[in-house]
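No experiment lies behind these values; they were computed from the predicted model shown.
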2 protein chains.
Amino acid sequence: MPAKRPAVPLSHERIIEAALHIADGQGLRRLTMRRLGDALQVEAMAIYHHLPRGKEALMDALAEHVTAVTVEPSDGGWQEIARAWAHAGRSALLEHPGVLALALTKPPQGGALMAIREQAEQLAASGLGDAARAAQAVRTLRAYVMGSVAVEIQRSGWAAPTGGDEDEQALLPALASGGAEPPEEAAAAFERGLEALLRGLSRT
Amino acid sequence: MPAKRPAVPLSHERIIEAALHIADGQGLRRLTMRRLGDALQVEAMAIYHHLPRGKEALMDALAEHVTAVTVEPSDGGWQEIARAWAHAGRSALLEHPGVLALALTKPPQGGALMAIREQAEQLAASGLGDAARAAQAVRTLRAYVMGSVAVEIQRSGWAAPTGGDEDEQALLPALASGGAEPPEEAAAAFERGLEALLRGLSRT
DNA sequence: ACCTGAACACCGTTCAAGT
DNA sequence: ACCTGAACACCGTTCAAGT
């Protein structure tokens, strides 16, 4: 007769992966230790063996997962490097919209903190200016990236203006033709804002 | 003998106010229908009479509360108007850090949607350009404001580098002397980033 | 109209126990 | 070392009932 249950043993990575799948598919509020256990074919309590701080540790790990990005150092100018970081950051956040609230809210730890430091070092080394100037640029760029993804996710939840609801319809400006927005439009809007920001960062 | 309980009757506003107090003071995860009822000296189930969709309606209302800002139309240039909206938006979000995750994540509704439209109209009317240009500017500014507050809140939760934890300490760049940041520094960083963004928005 | 009480189907987490 | 089962103190929400 076949072995009973743990075809593949539990691991930190398998837990994170399953948790992301649930959060993205059903929403963060439905990510439950019991549901997570079910998805992993294990009793919920088994998870505590790998994540001793329980759900809090799980949340921390999820935030770090979508926020700890890496960018190969390049010999381009600082603007090119800034672009690379911005694109990498946006992609990582966008891949797992279900945990965006955590990513924007939890203090960066571990790999996320490393990413911030590396970004500052690369910008300073590529001619942006001294450490303080680079730190300010990183902060501003991070704010823009995180906020842009927030706007993008918010938009994907906008209700299309139903014919019957004239009240809502009157509120929708040119800026929002209403309803969900095609990904290319969101990407183009991100690009335009990023270029504006880089222009602003370069003058003084 | 005195009347029993409802010295002051329940109302939408009292509920929101109490909920914000709990979320800011103890965190969103501890904002519970039962705890909210306690704070209002009422059984939790009484809240459903004013918020028929229950906790979901409460969350929506909280997000709208910190996100539906107003700015008096002024005769300044578009940059001055953009500054006013950015400052108002940041202040409103910063006043209730406990519900930031909701504010950045829920699609804007009602007053929040009105705010977006008004901002676009004011910018277009004050010389920024046509409706499309104004819409792009609003989007970029909103992203920057929301992201900036996210960075600020994240920082307020940063652990100070304890002497014993050399690993974390090594990760903290010039950009993060470590530990919480004084509010004036956060405000100054916001201002510098905002000015860079406005510069970038004005060229082309 | 507004609020309560009891009930139901879930939660996170602990702890002793199994293998 | 890794997982289970039972238990505890909570959750959100429904529904009939009170005033």
Trainee: A/Lys55 NZ to C/dT13 C1': how many Å, rounded?
Mentor: 12 Å
Trainee: In whole angstrom, what separates A/His50's NE2 from D/dT4's P?
Mentor: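 Atom-to-atom, A/His50 to D/dT4, this comes out as 11 Å.
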Trainee: Provide the Watson-Crick or G-U wobble partner of C/dG12, both distances under 3.5 Å; none if there is no partner.
Mentor: D/dC8
Trainee: Classify the nucleic acid contact of B/Arg35 as base, sugar-phosphate or nothing, counting any heavy atom under 4.0 Å across all strands shown.
Mentor: sugar-phosphate
Trainee: Please work out if B/Met33 contacts a base, only the sugar-phosphate, or nothing of the nucleic acid, heavy-atom cut-off 4.0 Å.
Mentor: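 Sugar-phosphate contact only.
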Trainee: At less than 4.0 Å, is any side-chain N or O atom of B/Thr32 found next to OP1 or OP2 of D/dC10? Yes or no.
Mentor: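 Negative; the distance criterion is not met.
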Trainee: Would you say the side chain of A/Ile153 lies within less than 4.5 Å of the side chain of A/Leu94, judging by non-hydrogen atoms?
Mentor: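 A side-chain contact exists here, since the closest heavy-atom pair is under 4.5 Å.
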Trainee: Using whole Å, report how far CG of B/Leu40 lies from C1' of C/dT4.
Mentor: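 Interatomic distance, CG of B/Leu40 to C1' of C/dT4: 15 Å.
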Trainee: Using whole Å, report how far OH of A/Tyr48 lies from P of D/dA1.
Mentor: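 Rounded to the whole Å, the gap is 21 Å.
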Trainee: I need the CE-C1' distance between B/Met45 and D/dT19, as an integer number of Å.
Mentor: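 Those two atoms, CE and C1', are 18 Å apart.
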Trainee: Check A/Leu62, A/Leu58, A/Val66 against A/Leu102 for a side chain to side chain contact (heavy atoms under 4.5 Å, CB included) and give me the one that passes.
Mentor: A/Leu62
Trainee: Round to the nearest Å and state the distance from A/Glu56 atom CD to C/dT14 atom P.
Mentor: 13 Å
Trainee: If each of B/Arg30 and A/Ala46 is mapped to the nucleotide of DNA chain D with the nearest heavy atom, which maps nearer the 5' terminus, i.e. the 5' end?
Mentor: A/Ala46
Trainee: Calculate the interatomic distance between A/Glu43 atom CD and C/dA17 atom C1'; express it in whole Å.
Mentor: 14 Å
Trainee: Distance check needed: D/dC2 C1' versus A/His12 NE2, whole Å only.
Mentor: 17 Å
Trainee: What distance do A/Glu195 atom CD and A/Phe190 atom CZ have between them, rounded to the nearest 0.5 Å?
Mentor: 9.5 Å
Trainee: Strictly by Watson-Crick or wobble contacts shorter than 3.5 Å, is anything paired with D/dT19, and which nucleotide is it?
Mentor: C/dA1
Trainee: Side chain of A/His49 only, please: which of C/dT4, D/dA1, C/dC3 is the nearest?
Mentor: D/dA1
Trainee: B/Glu13 and B/His50: side-chain donor and acceptor closer than 3.5 Å?
Mentor: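 B/His50 and B/Glu13 do not have a side-chain donor-acceptor pair below 3.5 Å.
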Trainee: If every non-hydrogen atom of A/Tyr144 is compared with every non-hydrogen atom of B/Thr140, which pair is closest and at what distance?
Mentor: CE1-CG2, 3.8 Å
